[in-house]
Structures are given as structure tokens and as C-alpha cells.
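The structure under discussion appears below in the form of C-alpha cells.
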Amino acid sequence: APLASRAARAKDLALPWLTQLVAAEPNHDRALVVLAQIYKKAQQWPEYGQVLLRRADVAAPNLARDLRVEAAEVLSSRLGNSSAARELYASVLEEDPGHAKASAGQVALLEATGDAAGALGVRHTRAKLLPGSALPPVPGAVADACHAELDTPAPCGKPTPQAPSEPPTP
């Protein structure tokens, strides 16, 4: 117990120092990383999300997208703000339409609101970028929406077999 209380006090002491450091040097990635760790461990989700977004603002593009996806996950699962999460996912998908976690998060939020056509659109965009063997499975609800929304008699993406107009000649 004494070790745990010392660690808690150390974090309490580190928080103001790190906050001042980031105020003086907004691009100080290590300070932002440690702040994020402190907020996550303390389950201070609003602060954690804000630090993730601050890191994303100064990070390289690939890391920035991953950080925004993580912030979107916090918004939707911890803070119940799915509209802001959808906006973050959309911004990531605008930059990188094939981003797996952003696609999965956006699809999950769209399906949760009953927007099967929107979920299908995200899946379709991502599927166009993947090699054939890496295509994600299409849940039944999305396939049903595809049939209803697109009025297709065949499964989405698969051509309808054409019956020959006349029998083949021998």
C-alpha cells in the first residue's frame, strides 16, 4: 500500500509540472504521452481524449490518424458522444479510406443507429482498397440493406448469373 500511495502522489505532483511543460512547449510529445497515460489510468476520459487530440495535432500523419481513432473510441464508448466520434472517424477515413480501425468504428456506430446503408458505404469504400482475400465479412443486416437500398436481386458485389437467351449449339 505505501508503494501505491507514493506512486499516486508522484502522479499528482507530475500532473501540474507536465501541464506547465505542455503549455510552454505544446509539441512536447513525451509530456503528452505521459499525460495521456495518467489520465487513462485515472479514467479521466474527457482529459484523456483531449490529450489524444493534442498529440494528433502535432504527430506524423499515420500516428495522428491512429490517435484520432483512439479519441473517437473514447468519445463513443466512455463519454457517449457518438456524433463527435463519427466526425472523428469520418475525418480519418477522408485522409485514409482504408484505415481498418476507423472503418470498423464508423461501421459499428452507423449500424447502432440503424444506418445500414451508411455502414455499407463505408464497407464498400474499404473493400475497394483491399485485395480480394482480405475482404471483411458482410453481416446479414448489411447485406439485407444492400438488397433493399440498391434494389439488387443478387448479393452485393456479385454479378447475377445470366441465363443464356438460347441454348448453346452443339
Side-chain angles (χ1 to χ4, degrees), residues 22 26-164:
V22 169
N27 297 348
H28 198 290
D29 189 58
R30 184 67 186 139
L32 291 169
V33 168
V34 174
L35 271 174
Q37 291 170 344
I38 291 171
Y39 288 139
K40 185 176 184 179
K41 187 167 181 128
Q43 298 183 3
Q44 292 179 284
W45 304 118
E47 294 84 357
Y48 178 58
Q50 288 300 314
V51 171
L52 290 172
L53 293 174
R54 280 186 81 173
R55 274 193 73 206
D57 289 343
V58 298
N62 287 341
L63 177 59
R65 286 189 289 272
D66 292 343
L67 291 167
R68 287 198 315 269
V69 165
E70 190 172 347
E73 291 168 353
V74 168
L75 282 166
S76 68
S77 67
R78 301 294 182 170
L79 300 175
N81 191 345
S82 46
S83 63
R86 275 194 308 272
E87 288 177 21
L88 278 176
Y89 286 133
S91 73
V92 170
L93 292 171
E94 197 173 295
E95 292 176 27
D96 180 3
H99 196 284
K101 287 182 87 174
S103 294
Q106 188 76 306
V107 165
L109 289 177
L110 291 168
E111 287 177 344
T113 61
D115 187 356
L120 176 66
V122 173
R123 285 180 177 276
H124 178 70
T125 300
R126 184 156 193 281
K128 288 191 300 187
L129 300 170
L130 296 174
S133 63
L135 291 176
V138 177
V142 174
D144 292 344
C146 176
H147 299 302
E149 293 291 321
L150 302 177
D151 196 28
T152 58
C156 295
K158 295 183 182 173
T160 306
Q162 297 289 328

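Note that the numbering runs from 1 along the sequence shown for the chain.
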List the atom pairs, with distances to 0.1 Å, where a side-chain N or O of residues 99-106 and a protein N or O form a donor-acceptor pair under 3.5 Å, not counting sequence neighbours.
residue: H99; atom: ND1; partner: A102; partner atom: N; Å: 3.2
residue: H99; atom: NE2; partner: D66; partner atom: OD1; Å: 2.7
residue: S103; atom: OG; partner: H99; partner atom: O; Å: 2.9
residue: Q106; atom: NE2; partner: R86; partner atom: O; Å: 3.4

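The side chain to side chain donor-acceptor pair (under 3.5 Å) test applied to D57 returns no partner, not counting sequence neighbours. Residues passing the salt bridge (Lys or Arg N to Asp or Glu O under 4.0 Å) test with D29 are R55, sequence neighbours excluded. Among residues two or more places apart in sequence or in another chain, the salt bridge (Lys or Arg N to Asp or Glu O under 4.0 Å) test is passed with E47 by none. With sequence neighbours excluded, no residue forms a side chain to side chain donor-acceptor pair (under 3.5 Å) with Q44. Under the side-chain contact (heavy atoms from CB on, under 4.5 Å) criterion, A85 pairs with A72, L75, S76, Y89, L109, not counting sequence neighbours.
Between T125 and L93 there is no side-chain heavy-atom pair separated by less than 4.5 Å. Side-chain contact between R30 and V34 is present, with at least one heavy-atom pair separated by less than 4.5 Å. Using a 4.5 Å heavy-atom cutoff, the side chains of P97 and L129 are in contact. Under the 4.5 Å side-chain criterion, counting only non-hydrogen atoms from C-beta, L52 is not in contact with R68.
What you find for W45 and V74 is that their closest heavy atoms are O-CG1, 3.7 Å. The heavy-atom pair separating G49 from A71 by the smallest distance is O-CB, 4.2 Å. L67 and A56 make their closest contact through CD1-N, 3.7 Å (heavy atoms, listed as atom of the first residue, atom of the second, distance).
Rounding to the nearest 0.5 Å places CG of L35 at 12.5 Å from CD of Q50. Here the CG-OG distance, from D96 to S91, works out to 11.0 Å after rounding to the nearest 0.5 Å. The line from CG of L32 to CG of L53 is 11.5 Å long, rounded to the nearest 0.5 Å.
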